[in-house]
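Only one structure is covered here, and it is reproduced in the block below.
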Amino acid sequence: MESVITGKAYVLGDNIDTDQIIPAHFLSYNPADPAERKYFGMYALSGVPEAQAGLPKGHTRFVPENHFKSEYTIVIGGKNFGCGSSREHAPLALALAGIKCVIAEFYARIFFRNSVNGGYVVPLESKDSLVGKIRTGDELEVHVTEQYLLNKTTNHRHDLQPLGDVLPIVEAGGIFTYAKKAGMLR
Amino acid sequence: MPGMTMTEKILAKHAGKGRVEPGENIWVNIDLLMTHDVCGPGTIGIFYEQFGKNAKVWNPNKVVIIPDHYIFTADLKCHRNVQILRDFVKQQGIKYYYDPDFVTMEPTMPTPYKDPTKTRYKGVCHKALPEEGHVRPGEILLGTDSHTCTAGAFGQFATGIGNTDAGFVLGTGKLWMKVPPTMKFVFHGEIPPYLTAKDLILAVIGQIGVDGATYRSMYFAGEGIGSLTLEDRMTLTNMAIEAGGKNGVCDVDEKTLRYVRARSNVASWEVVRDDADAEYFATYEWDLAKMEPMVAKPHSPDNKDTARNCENVAVDRAYLGSCTGGKITDMIFAANILNGRRVKIPTFVVPGSTEVHADMKQLNLRGMPKGANEKSIEEALQDAGCTMGPSGCAACLGGPADTFGRLQAAEVCISTTNRNFPGRMGGKNASVYLASPLTVAASALTGRVTDPREFISGRIETGEAGVV
């Protein structure tokens, strides 16, 4: 786990469900196949309606057409981020597109587990909603262990919630490395 | 010390503890792991990557694989994903696998089963699990699908997990869990003929919101739940996830035991109940006599309204299907509204399982074996102008572009399925109204959102359908 994550923000609203993060018709790609896996990056967040894509303006593509990587590093969301299906393709798609952490008010349970246990993105929670306070394209500096973020574009500081119980799994990089460190797996 | 809830007792027992508290992190032993064609290949990849290429699953009799998502499509990648499951089943000696035996490695649309009783293919996993005897009170079921919570209707702990968690379970038979606090939803009275469990769960989600039960267990109680069939209870627990719930449970009663005795492939199970002094995070109560047919308007399952308030909304198509609304009792509810009438808009029907499909051919509108001069459920729906597709998840989650019933353009659909977030049923400019099979059928007749009371004269009997 990186203790400081820097990069551009991509801002979304409330209830961003897994169909918006990676639409169901792309789930025929096999995430276990390296040649197919990269397409999850290409289509990450392609299900978000145009008007809500990259707030406050909207109509901002997350990944440029025919590219596998996004110019953004941090996703900002509102309430209930990652609700909907259990597809692990969702945090995987964000990670493959280059996202290192998501900062939302709170998460749907399975998306949070998948992000932590698969070691894809760090799912951080803000103390209050950052949608409307941070704009898509703002340069952020996220201090994961010190639980705050600095918006270098506006010079504002926002406090984050502690990772709590899952911190050791996030630090280990996922449930398998965590279980090996803890002596549960050889 | 206060008493414990059903969920707490089941988790405690599987952690080897006498007692657990909400919020506690525990490692539990898993009774059954289910996966399918969309999340199976990724899960299998993680399992071999982490445990080695010669690794063996913890118990080949406790892994159930049910392909159901992308079966009827020409997309070769989807057929390849089924083949990955077949290879894994062979390598590991998996006992319970339900093969879509008509799927080949050709880039063409598979020819569906002709007779639903003569294929190994079962259709939607959450419907097939209880049908095939994999669901019992007191057990823990994990599945790589968010609607795995459906099985809680049988008094067990069931929840959805991702590929990494499932890969971990495949190798170890264990997983860490945070014990959820329980929310109790009590329904008084008996279910009236114009309501189904879909109206109840839409009322619950509409009241507490799509995040109202996040990280919590949802316990559906009261004599109102007792008055529901097992299939209708499955509709309640199925949509626990739409309120963010970790799991949903119903009490075990004689109806549950009758179903499980007739179907379970394991001879014994343990019935677990909430203690009288169990503590709840919150309790909500409803009187069934005062409830109305409900819809969830676009684009969220908690955007509740009554069907009556939406009667000026024109709809372009209707859809009956999925783990939520494609069970045999759902089909009987819809067929009784549509019988002898004509739909006004394209209406797509997808049986939730091949057993449902077989029952639609064999049973009459009261859920009893049909006589020589009686219409089957399928005939009643087809005569009304509905288009039938083969069993599977189909357009509930959009799927590949050639999926049966998929929304392609800015259409408005009224559907018995479970989610209506943007793009859920295909096109991201489409709008979906979620409703009961009664309301969907009534709306199919008028071309606008319609309260089914316009078409209901008395109780719709479902007989033994979907039980034994």
Selection from [options] maximising heavy-atom pairs under 4.5 Å formed with chain A:
options                            : answer
K246(B), R424(B), H299(B), R406(B) : K246(B)
L76(B), N429(B), V210(B), I241(B)  : V210(B)
G45(B), G143(B), G160(B)           : G160(B)
I84(B), D37(B), T159(B)            : T159(B)
G423(B), A166(B), G399(B), C78(B)  : G399(B)

Whether over 12 other heavy atoms sit under 6.0 Å from R135(A) CZ | no
If you measure from the Lys or Arg side-chain nitrogens to the Asp or Glu carboxylate oxygens, is any gap between [X] and [Y] under 4.0 Å?
X       : Y      : result
R87(A)  : D19(A) : yes
E139(A) : K8(A)  : no
D211(B) : K79(A) : no
K178(B) : E24(B) : no

Could you tell me which residues in residues 38-59 of chain A have at least one non-hydrogen atom under 4.5 Å from a non-hydrogen atom of chain B, sorted by residue number?
-> S46(A), G47(A), V48(A), P49(A), E50(A)
Between F72(B) and F404(B), does the ring centre distance come in under 6.0 Å?
->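 Centroid separation for F72(B) and F404(B): 6.0 Å or greater.
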Between [X] and chain B, which part of the residue has a heavy atom less than 4.5 Å away: side chain, backbone, both or neither?
X       : answer
F81(A)  : neither
A90(A)  : neither
L92(A)  : neither
D17(A)  : side chain
N114(A) : side chain
V116(A) : neither

Geometric cation-pi criterion R157(A) and Y148(A), 6.0 Å radius, 45° cone = yes
Go through N15(A), D33(A), T18(A) and name the one with the most non-hydrogen pairs under 4.5 angstrom from chain B.
-> N15(A)
Any idea which of G118(A), C83(A), S28(A), A24(A) has the most non-hydrogen atom pairs under 4.5 angstrom with chain B?
-> S28(A)
Can you tell which part of [X] gets under 4.5 Å to a heavy atom of chain A, answering side chain, backbone, both or neither?
X       : result
N163(B) : both
R419(B) : side chain
I44(B)  : neither
T172(B) : side chain

Set of residues satisfying ring-ring contact (aromatic ring centres under 6.0 Å, His included) with respect to F176(A), sequence neighbours excluded =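 Testing F176(A) for ring-ring contact (aromatic ring centres under 6.0 Å, His included), a comparison that skips the adjacent residues, returns F51(B), F168(B).
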Exercise: do Y178(A) and E171(A) side chains pair donor with acceptor under 3.5 Å |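 The answer is no; no qualifying pair exists.
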Has the side chain of T237(B) got a donor or acceptor atom that lies under 3.5 Å from a matching backbone atom of T150(B)?
->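 Side chain of T237(B) to backbone of T150(B), a donor-acceptor pair under 3.5 Å: yes, one is there.
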Between the side chain of Q92(B) and the main-chain N/O of V57(B), is any donor-acceptor distance below 3.5 Å?
-> yes
Supply the atom-to-atom distance M425(B) CE to S415(B) OG, rounded to the nearest 0.5 angstrom.
-> 4.0 Å
